[in-house]
Amino acid sequence: MMVTRVDTKKLHSIGEAAEICHVSRKTLRFYEELGLLVPDYVSPKNGYRYYSEDTVMLIPVLKYYKQIGFRLQEMTKVSNTTNYFYHQRNFLNKLDQLKKEEERIQNCHESVSDWVGLLNEGTMAIENNITSISLKYIDRDQYYFLEQNFEYDYKKSIINIEWTNLLENSESEITGPVILGFADYKAKAAGTIQRATVTQKPVRNSKFLLPRQAFGGQMFVCMYHFGDQKDSADKYPLLEKWAKEHQYEIGPNCFERYVIDYWSTQDTNKFVTEIMIPATKM
């Protein structure tokens with residue numbers, strides 16, 4: 001049997017290749033396992049790997065692919081294609097993937113930022129004991145919504161399984177606080193209201209497959225309630241009294257905006273709820 005002799009002096013050992021390109025030997029062996037970088041010669045005596053200059057120059061190409069977001073499993077044809085259209089198709093596919101990932105990160109950033117804002121709002125309200133009634137304008141925007149039965153079980157309404165399943169099934173993402181809307185603030189305060197509309201704002205890159213309804217675009221008389229939401233009924237007469245004294249007509253509907261709730265803590269003493277009733281100057 002004829003054995004071909006290889007002049008290893010013209011090749012780079014695995015250690016030399018690793019040092020030249022600032023990678024580890026372990027990385028080069030892993031590239032070999034995946035078929036990304038095959039040694040030009042493997043010694044049958046000791047298993048030493050040797051690489052030609054051309055093969056070594058593939059290492060920066062693989063590193064660059066990794067830098068721009070390709071997974072190693074996506075690089076399998078990088079080293080053995082002579083068709084630049086392969087790279088073009090690869091890059092176009094990667095751009096689509098990166099766009100989706102960018103939107104996902106934007107959604108996560110918006111949601112986390114809004115949550116931090118709610119915690120800051122609630123903490124400042126508690127620390128400064130903000131119990132005064134205020135009049136504020138809420139910008140008009142489009143919100144996802146779902147009308148449900150309401151039994152004064154706030155945890156069930158806030159950690160809302162039906163609502164979260166609906167959002168998940170329609171690939172619709174939300175941000176910001178849960179807001180419950182009630183058709184009659186007096187019935188809500190009296191404990192006789194039987195229906196509520198759960199409302200939440202879509203994130204910027206939501207697919208918008210669910211119906212939406214407008215919220216805001218008007219003035220609201222507002223007041224914070226600290227503690228368990230079940231004890232919030234006494235705030236409604238205070239809001240009603242304030243409106244009469246300042247010549248505002250309020251209602252008939254109302255909203256409860258849950259700033260700090262079961263999503264953040266199980267300690268009801270730390271809950272912060274903003275009660276909001278639409279107001280019109282008489």
Side-chain angles (χ1 to χ4, degrees), residues 2-120 164 167-176 201-210:
M2 188 175 182
V3 179
T4 303
R5 296 180 65 84
V6 175
D7 186 358
T8 57
K9 292 181 180 180
K10 295 181 179 180
L11 301 174
H12 295 287
S13 69
I14 190 171
E16 290 170 343
E19 183 177 359
I20 290 169
C21 294
H22 294 178
V23 295
S24 67
R25 297 185 186 193
K26 183 178 179 180
T27 296
L28 295 184
R29 291 193 187 96
F30 188 46
Y31 286 171
E32 182 182 351
E33 289 177 16
L34 295 176
L36 301 177
L37 193 77
V38 179
D40 295 274
Y41 175 69
V42 179
S43 171
K45 292 182 178 180
N46 51 30
Y48 288 177
R49 269 93 170 128
Y50 294 91
Y51 303 84
S52 68
E53 192 71 22
D54 285 342
T55 301
V56 169
M57 283 192 287
L58 282 172
I59 299 172
V61 177
L62 295 172
K63 290 171 72 175
Y64 187 68
Y65 263 69
K66 184 178 180 182
Q67 175 196 312
I68 62 179
F70 283 85
R71 293 178 289 110
L72 292 176
Q73 291 80 359
E74 296 173 317
M75 304 181 198
T76 52
K77 294 184 181 180
V78 170
S79 61
N80 61 7
T81 181
T82 57
N83 185 352
Y84 73 85
F85 286 108
Y86 163 77
H87 298 288
Q88 186 180 45
R89 289 193 301 271
N90 229 15
F91 291 151
L92 289 173
N93 289 335
K94 178 54 64 175
L95 281 176
D96 288 339
Q97 293 175 21
L98 292 173
K99 180 62 177 177
K100 293 177 182 177
E101 180 65 10
E102 180 184 25
E103 291 178 351
R104 187 190 70 80
I105 292 173
Q106 287 176 343
N107 288 356
C108 291
H109 185 278
E110 181 179 0
S111 298
V112 172
S113 179
D114 286 347
W115 202 333
V116 170
L118 286 172
L119 294 175
N120 288 339
T164 53
L167 293 168
E168 184 178 28
N169 291 339
S170 62
E171 300 182 72
S172 302
E173 299 180 54
I174 46 81
T175 184
K201 185 178 179 181
V203 292
R204 73 182 82 177
N205 296 310
S206 180
K207 293 187 177 180
F208 300 108
L209 299 178
L210 285 178

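The analysis underlying the following values was restricted to heavy atoms, covering all of them including side chains, and did not include hydrogens, waters or symmetry mates. Source: prediction; values computed, not measured. All residue numbers refer to positions in the sequence shown, counting from 1.
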(message) Once rounded to the nearest 0.5 Å, what's the spacing between atom CZ of F208 and atom CD of E173?
(response) 10.5 Å
(request) Report yes if some heavy atom in the side chain of V203 is under 4.5 Å from a heavy atom in the side chain of S111; otherwise report no. (result) yes
(message) If you define the side chain from C-beta out and look only at heavy atoms, does anything of F70 sit under 4.5 Å from F91?
(response) yes
(message) Are more than 12 heavy atoms, taken from residues, nucleotides or ligands other than K63, located less than 6.0 Å from that residue's NZ atom?
(response) yes
(request) State the NZ-CZ distance between K99 and R104, to the nearest 0.5 angstrom. (result) 14.5 Å
(message) Show, in sequence, the C-alpha distance, side-chain angles and deciding distance for N205 and E102, and conclude whether the side chain to side chain contact (heavy atoms under 4.5 Å, CB included) test is met.
(response) CA-CA 10 Å; N205 296 310; E102 180 184 25; over 6 Å; no
(request) Could you walk me through whether F30 and L36 pass side chain to side chain contact (heavy atoms under 4.5 Å, CB included), step by step? (result) CA-CA 9 Å; F30 188 46; L36 301 177; over 6 Å; no
(message) How long is the straight-line distance from CD of E101 back to CD of Q106, given to the nearest 0.5 Å?
(response) 11.0 Å
(request) Indicate whether the side chain of Q97 and that of K100 have a donor and an acceptor atom separated by less than 3.5 Å. (result) no
(request) Mind listing the closest non-hydrogen atom pair of S170 and L209 along with its distance? (result) O-CD1, 3.3 Å
(request) Kindly indicate whether the side chain of D114, heavy atoms from C-beta on, has any atom under 4.5 Å from the side chain of E110. (result) yes
(request) Would you indicate whether the side-chain heavy atoms of V42 and R49 approach each other to under 4.5 Å? (result) yes
(request) For the residue pair Y48 and S13, establish whether any side-chain heavy-atom pair is separated by less than 4.5 Å. (result) no
(message) Apply side chain to side chain contact (heavy atoms under 4.5 Å, CB included) to residues N107 and R204 and explain how you reach the verdict.
(response) CA-CA 7 Å; N107 288 356; R204 73 182 82 177; 4.0 Å; yes
(request) Return yes when atom OH of Y64 has more than 12 non-hydrogen atoms of other residues, nucleotides or ligands closer than 6.0 Å, and no otherwise. (result) no
(message) Nearest 0.5 Å, please: how far is OG1 in T55 from CG in D40?
(response) 3.5 Å
(message) Quick check for you: to the nearest 0.5 Å, what is the distance between L72 atom CG and Y65 atom OH?
(response) 13.0 Å
(request) Report the residue from L58, V56, L28 that forms a side-chain contact (heavy atoms from CB on, under 4.5 Å) with C21. (result) V56
(request) Find out whether I68 and K94 are in side-chain contact, i.e. whether some heavy atom of one side chain is under 4.5 Å from a heavy atom of the other. (result) no
(request) Specify the closest pair of heavy atoms between I14 and Y51, including all atoms of both residues, with the distance to one decimal. (result) CA-CE1, 3.7 Å
(request) Mind listing the closest non-hydrogen atom pair of S172 and L210 along with its distance? (result) OG-CG, 3.8 Å
(message) Tell me if the CD atom of Q73 is crowded by more than 12 foreign heavy atoms within 6.0 Å.
(response) yes
